[in-house]
Amino acid sequence: MKHERIKEFVLIIIAFLVGGVSTYFIIGEKIGSTNTSTSIVGGGCSAENCTKVAVDESGISDSVEKVYDGVLMVRNYQKDQVASTGTGFVYKIDGDDAYVMTNQHVVEGADRVTVIDSKDQEIEGEVLGGDTYVDIAIIKIKKTDDIIALTLASSENAKLGDLVFTIGCPLGYDYRGSVSTGHLAGKDRMVTVSTSNNSSSGDWVMEVLQTDAAINPGNSGGPLFNVNGEVIGIISMKLVQTEVEGMGFAIPIEYATSKLETLEKGETIEWPLLGVQMVNVSDALNSYRYSNYNIPEGVESGVIVVGIEKGTGAEHSDLQEGDIIAKINDEEVENSAYLRYELYKYSPGDKITVTYLRDGKEHTTQVSLSKSE
């Protein structure tokens, strides 16, 4: 009996020692892990020569460093004065020339355009072409040794929640080269915009990327990067409301590049023309001016045809003044902005099917799209 008790006592001592040693190593490992920096290798590489960047407690400084010299400040001069500023980036170098992409609204109305590089050199630029609806403009400058071309990627490969960043010139010269980080907060967002300061309502819809990275006046035209420093979008706008914070938008780079060849040549993008003058149903319902048009009860969206232009496809179709256009090729038309969005998917000469309401009944007609003047 005594021998058994001694054996039991020895086993208890051994178990205690083993448990203590194990606990020491487990706690020691956890404590050690709190003092060890972790890193995440950036994903979403699109280009064949893309180098993935490690993201750790130091942030994305490696990515910023490798793209910094490709981002430029854009100055819009009017009557020999700086009228406005924005951001642009070099997307191509060809011989002695560098090509800079920015927003059309950054260079709108300019008598002269210059860019300022990361070494604070001001370089004369030539606006080759631009388009209001795409909101893209191309500037050609003389290449310097301090300028690099950025890598264009694919926004389609980006995922919600991906880390993104931008470099730009918020509030002008004093804050040029500012870096802001955030996440890809949304894809395929449909945002209604105005193409001129005189427009009281939105007249165009853009399909954009959403980010919560800080976007301020002067960031327009700058690149939206993935974590590896590849351009996936072009900063274009933000929601400006007192109750809204951190909602910026960028044009997907694929959409911009689809128009580059035309804009580089200085040619005008040929948008299709339906050939109707129109007013939104929602606006007509709130205005006595359009009370003579018969809007069926329960219809709150669509556009009313208030005029038809001569020599256009609409004139040779069944459309008449007073008709309410509800769909284009089975895609619903909420208002004139969405009508243009659907219409501009096509080219002059294409035929589309227009669904419209007349006297409360639904009809369809074929329209051959004209070329806008």
Side-chain angles (χ1 to χ4, degrees), residues 37-72 86-93 98-103 118 134-136 147-170 176-189 191 206-216 218-238 246-260:
S37 63
T38 59
S39 63
I40 302 172
V41 177
C45 262
S46 295
E48 293 182 1
N49 60 347
C50 171
T51 302
K52 291 189 176 183
V53 175
V55 181
D56 54 27
E57 78 282 352
S58 67
I60 53 171
S61 55
D62 287 345
S63 284
V64 172
E65 183 177 3
K66 77 175 186 178
V67 301
Y68 202 77
D69 291 339
V71 183
L72 311 171
T87 305
F89 61 93
V90 179
Y91 68 91
K92 182 175 76 171
I93 293 176
Y99 293 79
V100 179
M101 196 182 309
T102 187
N103 287 149
S118 61
V134 183
D135 199 20
I136 297 296
I147 289 176
I148 63 169
L150 303 182
T151 300
L152 307 184
S154 170
S155 68
E156 294 178 359
N157 296 334
K159 298 178 181 179
L160 295 182
D162 278 357
L163 180 64
V164 295
F165 70 98
T166 187
I167 302 174
C169 308
R176 66 196 182 283
S178 293
V179 179
S180 61
T181 62
H183 300 85
L184 187 62
K187 299 179 71 174
D188 305 322
R189 298 297 198 207
V191 179
M206 298 185 72
E207 187 173 327
V208 292
L209 307 171
Q210 179 187 338
T211 180
D212 59 358
I215 304 297
N216 292 287
N219 278 110
S220 291
L224 181 68
F225 296 103
N226 62 21
V227 70
N228 295 299
E230 300 175 304
V231 181
I232 62 171
I234 305 161
I235 300 299
S236 181
M237 59 188 142
K238 65 175 291 186
M247 292 186 69
F249 300 99
I251 302 165
I253 193 63
E254 298 91 340
Y255 184 61
T257 53
S258 69
K259 310 296 182 183
L260 284 185

First locate atom [atom1] of [X], then atom [atom2] of [Y], and finally report the distance between them rounded to the nearest 0.5 Å.
X	Y	atom1	atom2	answer
Ile234	Ile136	CD1	CD1	3.5 Å
Ser155	Glu230	OG	CD	12.0 Å
Thr166	Ile232	OG1	CD1	10.0 Å
Ile235	Asp135	CD1	CG	12.0 Å
Asn228	Ile60	CG	CD1	10.0 Å
Met101	Leu72	CE	CG	12.5 Å

If I compare all heavy atoms of [X] with all of [Y], which pair ends up nearest, and what's the gap?
X	Y	result
Phe165	Asn226	CE2-O, 3.3 Å
Ala213	Ser180	CB-OG, 4.1 Å
Ser118	Asp69	OG-OD1, 2.5 Å
Ala98	Ile93	CB-CG1, 4.2 Å

Report task. Test Asp162 against His183 for side chain to side chain contact (heavy atoms under 4.5 Å, CB included), laying out the working first. Result -> CA-CA 5 Å; Asp162 278 357; His183 300 85; over 6 Å; no
Report task. Please say whether more than 12 non-hydrogen atoms of neighbouring residues, nucleotides or ligands are located less than 6.0 Å from CD in Glu65. Result -> no
Requested in this report: Sequence neighbours left out, what passes side chain to side chain contact (heavy atoms under 4.5 Å, CB included) with Leu150? Give chain and number order.
Outcome: Val67, Val71, Phe89, Ile148, Pro223, Phe225, Val231
Query raised in the report: Checking Tyr68 side chain against Gly177 main chain: does a donor-acceptor pair fall under 3.5 Å?
Result: yes
Query raised in the report: Between the side chain of Glu254 and the main-chain N/O of Glu156, is any donor-acceptor distance below 3.5 Å?
Result: yes
**Report entry** Val164/Thr181 under side chain to side chain contact (heavy atoms under 4.5 Å, CB included): CA gap, chis, key distance, verdict
**Finding:** CA-CA 6 Å; Val164 295; Thr181 62; over 6 Å; no
Do [X] and [Y] touch side chain to side chain, with heavy atoms closer than 4.5 Å?
X	Y	result
Asn103	Ile251	yes
Met206	Met237	yes
Arg189	Glu207	no
Ser236	Phe249	no

**Report entry** Which residues share a salt bridge (Lys or Arg N to Asp or Glu O under 4.0 Å) with Asp212, sequence neighbours left out
**Finding:** none
Query - Pairing residues for Lys187 by the salt bridge (Lys or Arg N to Asp or Glu O under 4.0 Å) criterion, not counting sequence neighbours - result: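 Counting only residues at least two positions away or on another chain, Lys187 forms no salt bridge (Lys or Arg N to Asp or Glu O under 4.0 Å).
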Requested in this report: Start with the C-alpha distance between Tyr91 and Val100, add both sets of side-chain angles, then the distance that settles side chain to side chain contact (heavy atoms under 4.5 Å, CB included), and finish with yes or no.
Outcome: CA-CA 6 Å; Tyr91 68 91; Val100 179; 5.8 Å; no
Query raised in the report: Does a donor on one side chain sit under 3.5 Å from an acceptor on the other, for Asn219 and Thr87?
Result: no
**Report entry** Stepwise side chain to side chain contact (heavy atoms under 4.5 Å, CB included) check, Tyr99 with Val90
**Finding:** CA-CA 6 Å; Tyr99 293 79; Val90 179; 6.0 Å; no
